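First the structure, in the form of structure tokens, and then the observations on it.
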There are 2 protein chains.
Amino acid sequence: MDRLLQSVKININENIYVKDPESSDLGKRIIQESILMVNEMGFESFTFKKLGVKIGSNESSIYRYFENKHKLLLYLASWYWGWLEYQLVFATNGIGNPKEKLKKAIEIVTKVTEEDSSFSHINEVLLNKIVINEYSKSYLTKEVDAENKEGYFIIYKRLVTRISDMIKAINPDYKHPSSLSSTILEGSLHQYFLKDHFPSLTDCKEGNDTSTYFQNLVFSTIKP
Amino acid sequence: MDRLLQSVKININENIYVKDPESSDLGKRIIQESILMVNEMGFESFTFKKLGVKIGSNESSIYRYFENKHKLLLYLASWYWGWLEYQLVFATNGIGNPKEKLKKAIEIVTKVTEEDSSFSHINEVLLNKIVINEYSKSYLTKEVDAENKEGYFIIYKRLVTRISDMIKAINPDYKHPSSLSSTILEGSLHQYFLKDHFPSLTDCKEGNDTSTYFQNLVFSTIKP
DNA sequence: CCAAATATAATAGTATTACTATCATATAGT
DNA sequence: ACTATATGATAGTAATACTATTATATTTGG
């Protein structure tokens, strides 16, 4: 997988950034360090000023890449979902059996994140933690409808649709394929959050517990 | 139901507030108007200064009830979950059949919110909208572990546990009762959010769609 | 290789937020 | 009427989230 991915670039809506952070060294440092910092101090405490100090650059220079930190969060989240989508498509493409295919898809989107050496400036493990802790904040806003119209959530929506389509392929009569798909994606993040902070509210403790939980949930629910 | 509830007070952890807002007229106006305002402008734009203007009071007076707006959000959320818990216990108490009981419980926590005249200063319909749009922000913070230790989320946790226990009563061998219970509560809020902002990601369009979705999900998954 | 374009850095300034502190006034209970 | 307690008014502070301007590097095209 590594070799192939080396030439892949995750494609992100151009309106999310002012200048493409992939286009320069400073841009990549902004992404790289913002992942470390947001993970470390949380999105609320994170500021462009602090990021500037950390990367030895200036606040005003960061504003040339992103309008504000909310847009940066949208960028990081889009990158994460784009990366997951790529893995999902790659891993399920050759599978003919619809049930095997969906099973694999659920495994991909619910399993514990592992480092991907193809993107050296991005720490996928920490980025996954950011998505678990901060993604909701990117859409639980008053601007969500306008931003949705701008296409800022398109990759995430496409991912939900892909899994929804796989569910339909197994049981075209099941009444809630989209709800079930969105429940898997959002619910998986939530179970990981609970594991770390409210362990009594989840049974997903380690390894592939989360995958097992959702695979069982989905296949019991949709039957053939 | 109305008569009985008139003497009920939702019991909220005393450390969430500085002074009990139920203990005075100003306190109740703070709660009443904050629900309208947070719903109207979103939690980010909401400030104590603006609230003061709206209720014809002073910023500094509001600080005598809540340390900050985060604590006020914790209060509103706790009140909401306490209110839901009361309805759940009340509605399921007499039901002997475990399946009927769980079915009713899921209906209560997933159905569309209706006004409850027992609490005249609280608009439950708007409060439900606030919980849908803002609740995640109350725990997706760096302080979550400390605040959990303080007991700020205890009502919500008790609700999850209640439903988890009902699942266990039906099938003691099912491996993920807590995960399933937390998926219902959190997933229900999410489906309502999707309905309003990402309709293509949900099949829950109106009336009792959400209840039907989750009842079907749960009973298919746990079987007998 | 020089000029011009472009990228980055430095500095300053602004409105708003999220408070804290102090003092004044109103009201309520004994 | 006295005194506690609740509320209101005002002022002040550090930090945030920017915008604007100017200066200095760095790149690149002729």
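What's counted below: heavy atoms across the whole structure, side chains too, no hydrogens, waters or symmetry copies. Remember, it's a predicted structure, so these values are computed and weren't measured experimentally.
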Review point. Is the NZ or CZ atom of B:Lys69 positioned over B:Phe43's six-membered ring, under 6.0 angstrom from the centre and within 45° of the axis?
Key: yes
Review point. How many Å lie between NZ on B:Lys49 and C1' on D:dA9, as a whole number?
Key: 12 Å
Check your understanding: Once you round it to whole Å, what is the distance between C1' of C:dA7 and CZ of A:Arg29?
Key -> 12 Å
Point to revise | Length of the line joining A:Tyr17:OH and C:dA7:C1', which is rounded to integer Å | key: 17 Å
Check your understanding: Looking at B:Ser57, does any N or O in its side chain come under 4.0 Å of the phosphate oxygens OP1/OP2 on D:dG8?
Key -> yes
Practice item. Determine the contact category for B:Tyr65: base if any of its heavy atoms lies under 4.0 Å from a base atom, sugar-phosphate if only primed atoms, P, OP1 or OP2 are that close, otherwise nothing. Key: sugar-phosphate
Point to revise | Separation of atom CG in B:Asn68 from atom P in C:dA18, rounded to whole Å | key: 9 Å
Check your understanding: In terms of ring plane angle, is the pair B:Phe90 and B:Tyr86 parallel, tilted or perpendicular, where the classes change at 30° and 60°?
Key -> parallel
Review point. Under 3.5 Å, side chain of B:Lys54 to main-chain N/O of B:Glu33, donor-acceptor pair present?
Key: no
Review point. When you check the side-chain N and O atoms of B:Glu124 and B:Thr113, is any donor under 3.5 Å from an acceptor?
Key: no
Exercise for review: Establish, with yes or no, whether the OP1 or OP2 oxygen of D:dT10 is under 4.0 angstrom from a side-chain nitrogen or oxygen of B:Ser60.
Suggested key: no
Practice item. Check whether any side-chain N or O of B:Ser182 sits under 3.5 Å from a backbone N or O of B:Ser179 as a donor-acceptor pair, and report yes or no. Key: yes
Practice item. Would you please confirm or rule out a distance under 4.0 Å between OP1 or OP2 of C:dA9 and any side-chain N or O of A:Ser61? Key: yes
Point to revise | d(CD, A:Glu59; P, C:dA7) in whole Å | key: 20 Å
Review point. For C:dT8, does OP1 or OP2 lie under 4.0 Å from any side-chain N or O of A:Lys19?
Key: yes
Exercise for review: May I have the distance from A:Asp25 (atom CG) to C:dT6 (atom P), rounded to whole angstrom?
Suggested key: 20 Å
Point to revise | Nearest listed nucleotide, side chain of A:Asn58, among C:dA9, D:dT16, C:dT17 | key: C:dA9
Review point. How long is the line joining CZ of B:Phe48 and P of D:dT7, in whole Å?
Key: 15 Å
**Study point:** Atom pair distance, as rounded to whole Å: CZ in B:Arg64 and P in D:dA9
**Key:** 12 Å
